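Just so it is clear, the structure is predicted and the values come from calculations on it, not from any experiment.
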Amino acid sequence: MAAELQQEAVALAERGELLESVNGGYRAAEVSVTPEHVYVNGNQAVVDLIEDTKLYFPTVAPGEPEYEEYSLPHTLTYTRDSASGSWLLSNDAPKIDPNGPAPTTQFAEPAPVPFTEPPSKPNPAEQGPNPPEPPQPEPPKGVPPASTAGGPASGTDPKASAGIGAPAPMSAAASYNYTAMANYADRYWRNHNGSYRTYSSDCTNFISQAMRAGGWGTTSGSASSRADNRKWFYGSFSWTTSYTWAGAENWWWFASRHSGRTYMLNSPWSLGMADVLQADWDRNDVVDHTMIVTAVGGSERYLTYRSNSTHNRKLSSLLASNPHAWFYPHRT
């Protein structure tokens, strides 16, 4: 255990140096733990707890978040020392979902892969939360991953023309409330909304809820059509909920292709408030993770997501920690 902690301390210091060079890193941390269950069996004790950590940014512009925060379950194992009777920590097992980025202080990021040129999105195998039947085939996406080079930039899209990070003007075709989307994410990133169930990988379920809170209407659908990526609906059971609701790859197809509710941006730095960023960590051409922008500054975007529950992580930190991932930024 001591050797593990020493290795993690070295890795944490290296990450701190990297992020300090990218965006100033962090100036302070605040950590609290909440025990949930304790089990004792003879000379072994197991404690389930929740770690809540705030990482404070060194400089904060007016109106921007003061800190990044995350919430992470752990299972701690203690063994009673036969000589002293003291309880000694023998293992710390954080519960990290591999489909999402690990919290900044953890080291379970997707394994790096050799750099290759982005593809033009050949036909992927679709992913659903609980697929009991064959998915609908899709043609090639035809859209390469976005470039992560450079820094913040505005384009000619509605949000950018209204000011960096501003919502798109309301229209008869799509009267969405982007503030409501971001506010929903701010409220439920840690404690889920009891009106919805959760999934083991909960990122896209969470984003669908936020989109619905901002005005996205569900389509018609049933158990027999849940694998159809032209459908987007939530039901009382997983088998009456569409794959597009909680599957990251399926959501991409519904949002950007079949419904036209989003369109792809050239760079994550063009994201505005309540826009969505998706990631393919291992470059297998299947989208793994979905995030939403909850704050925007002149030189930064801040991302919020579940799996693993994180609030206001800087885009620059995410890109620096995952240099080989492919990213797909959506204008909502």
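Grouped with Leu88 in a hydrophobic cluster is no other residue, since no side-chain heavy-atom contact under 4.5 Å to another Ile, Leu, Val, Met, Phe, Trp or Tyr is found. The hydrophobic cluster around Val22 extends to Leu18, counting ILVMFWY residues whose side-chain heavy atoms fall within less than 4.5 Å of a member.
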> Going through the distances and angles, do His289 and Asp280 end up as a side-chain contact (heavy atoms from CB on, under 4.5 Å)?
Replying inline: CA-CA 7 Å; His289 185 61; Asp280 174 2; over 6 Å; no
> Run the side-chain contact (heavy atoms from CB on, under 4.5 Å) check on Phe57 and Glu66 step by step: do they pass?
Replying inline: CA-CA 6 Å; Phe57 303 128; Glu66 295 181 32; 5.8 Å; no
> Where do Thr79 and Gln44 land on the side-chain hydrogen bond (donor to acceptor under 3.5 Å, both in side chains) test, with the steps shown first?
Replying inline: CA-CA 5 Å; Thr79 303; Gln44 187 175 77; 4.8 Å; no
> Can you check side-chain contact (heavy atoms from CB on, under 4.5 Å) on Asp48 and Lys95, steps first, answer last?
Replying inline: CA-CA 10 Å; Asp48 290 330; Lys95 298 178 182 177; 4.2 Å; yes
> What's the verdict on side-chain contact (heavy atoms from CB on, under 4.5 Å) for Leu76 and Leu89, showing C-alpha distance, side-chain angles and the deciding distance?
Replying inline: CA-CA 7 Å; Leu76 305 182; Leu89 179 64; 4.0 Å; yes
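For the residue pair Pro103 and Asn308, the shortest heavy atom distance occurs at CD-CB, 4.1 Å. Pairing each heavy atom of Gly272 with each of Val293, the nearest pair is O-CB, 3.3 Å. For the pair Leu12 and Thr105, the tightest heavy-atom approach, listed with the atom from each and the gap, is CD1-CA, 3.9 Å. The minimum heavy-atom distance between Ile50 and Ser71, with the atom names listed, is CG2-OG, 3.3 Å.
Residues Ile96 and Leu303 fall into different hydrophobic clusters, defined by Ile, Leu, Val, Met, Phe, Trp and Tyr side chains chained together at heavy-atom separations under 4.5 Å. Linking ILVMFWY residues whenever their side-chain heavy atoms come closer than 4.5 Å, directly or via other members, places Met181 and Trp189 in the same cluster. By the rule that hydrophobic residues join a cluster once side-chain heavy atoms approach within less than 4.5 Å of another member, Met291 and Leu319 end up as members of one cluster. One hydrophobic cluster holds both Trp251 and Tyr178 under the rule that ILVMFWY side chains link at heavy-atom gaps under 4.5 Å. A chain of hydrophobic side-chain contacts below 4.5 Å, direct or via other Ile, Leu, Val, Met, Phe, Trp or Tyr residues, connects Leu55 to Tyr302.
Between the side chain of Thr244 and the backbone N or O of Asn229 there is no donor-acceptor pair closer than 3.5 Å. Side-chain atoms of Arg301 come within 3.5 Å of backbone N or O of Gly297 as a donor-acceptor pair. Listed for the Ser316 side chain is no donor-acceptor partner under 3.5 Å among the backbone atoms of Asn23. Side-chain atoms of Glu69 never come within 3.5 Å of backbone atoms of His311 as a donor-acceptor pair (strictly under, hydrogens ignored). The closest donor-acceptor contact from the side chain of Ser321 to the backbone of Ser317 lies under 3.5 Å. Side chain of Glu64 to main chain of Val296: no donor-acceptor pair is present (N/O by atom type, distance under 3.5 Å, no hydrogens or angles).
No more than 12 heavy atoms of other residues, nucleotides or ligands shown are found within 6.0 angstrom of CG on Asn266.
Atom CG of Asp97 and atom CG of Asp288 lie 10.0 Å apart (nearest 0.5 Å). Separating the CG atom in Asn284 from the CG atom in Asp282 is a distance of 4.0 Å, to the nearest 0.5 Å. Atom NE2 of residue His258 and atom OG1 of residue Thr219 lie 11.5 Å apart, to the nearest 0.5 angstrom.
Side-chain N/O atoms of Thr77 and Asn91 include no donor and acceptor closer than 3.5 Å. Ser307 and Asn99 form no side-chain donor-acceptor contact under 3.5 Å, judged by distance and modelled atom types alone.
Ring orientation note: the planes of Trp281 and Phe327 are nearly perpendicular, at an angle over 60° on the 30°/60° scale.
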Side-chain donor-acceptor pairs of residues 34-43 under 3.5 Å, sequence neighbours excluded:
| residue | atom | partner | partner atom | Å |
| --- | --- | --- | --- | --- |
| Asn43 | OD1 | Arg80 | NE | 3.1 |

Extract all donor-acceptor atom pairs below 3.5 Å that involve side chains of residues 205-215 and protein atoms in other chains or at least two apart in sequence.
| residue | atom | partner | partner atom | Å |
| --- | --- | --- | --- | --- |
| Asn205 | OD1 | Gln209 | NE2 | 3.2 |
| Asn205 | OD1 | Trp245 | NE1 | 2.8 |
| Asn205 | ND2 | Arg197 | O | 2.9 |
| Asn205 | ND2 | Asp202 | OD1 | 2.8 |
| Ser208 | OG | Thr204 | O | 3.3 |
| Ser208 | OG | Trp232 | NE1 | 3.2 |
| Ser208 | OG | Trp245 | O | 2.7 |
| Gln209 | OE1 | Tyr184 | OH | 2.5 |
| Gln209 | NE2 | Asn205 | O | 3.4 |
| Arg212 | NH1 | Tyr196 | OH | 3.3 |

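Partners of Val31 under the side-chain contact (heavy atoms from CB on, under 4.5 Å) rule, at least two apart in sequence or in another chain, are Glu51, Thr53. Scanning for side chain to side chain donor-acceptor pair (under 3.5 Å) contacts around Thr310 gives an empty result, with sequence neighbours left out. Residues meeting the side chain to side chain donor-acceptor pair (under 3.5 Å) test with Glu68, sequence neighbours left out: Tyr26, Thr104. Legend: residues meeting side chain to side chain donor-acceptor pair (under 3.5 Å) with Ser86, ordered by chain and number and at least two apart, are Ser84. Evaluation of the salt bridge (Lys or Arg N to Asp or Glu O under 4.0 Å) rule for Asp52 yields Arg190 as partners, not counting sequence neighbours. Applying the side chain to side chain donor-acceptor pair (under 3.5 Å) test to Ser220 and every residue at least two apart in sequence or in another chain returns Lys231. Under the side-chain contact (heavy atoms from CB on, under 4.5 Å) criterion, Ser259 pairs with Phe254, Arg261, not counting sequence neighbours.
The ring pair (Phe, Tyr, Trp, His ring centres under 6.0 Å) analysis of residues 67-93, with sequence neighbours excluded, yields the pairs Tyr56-Tyr67.
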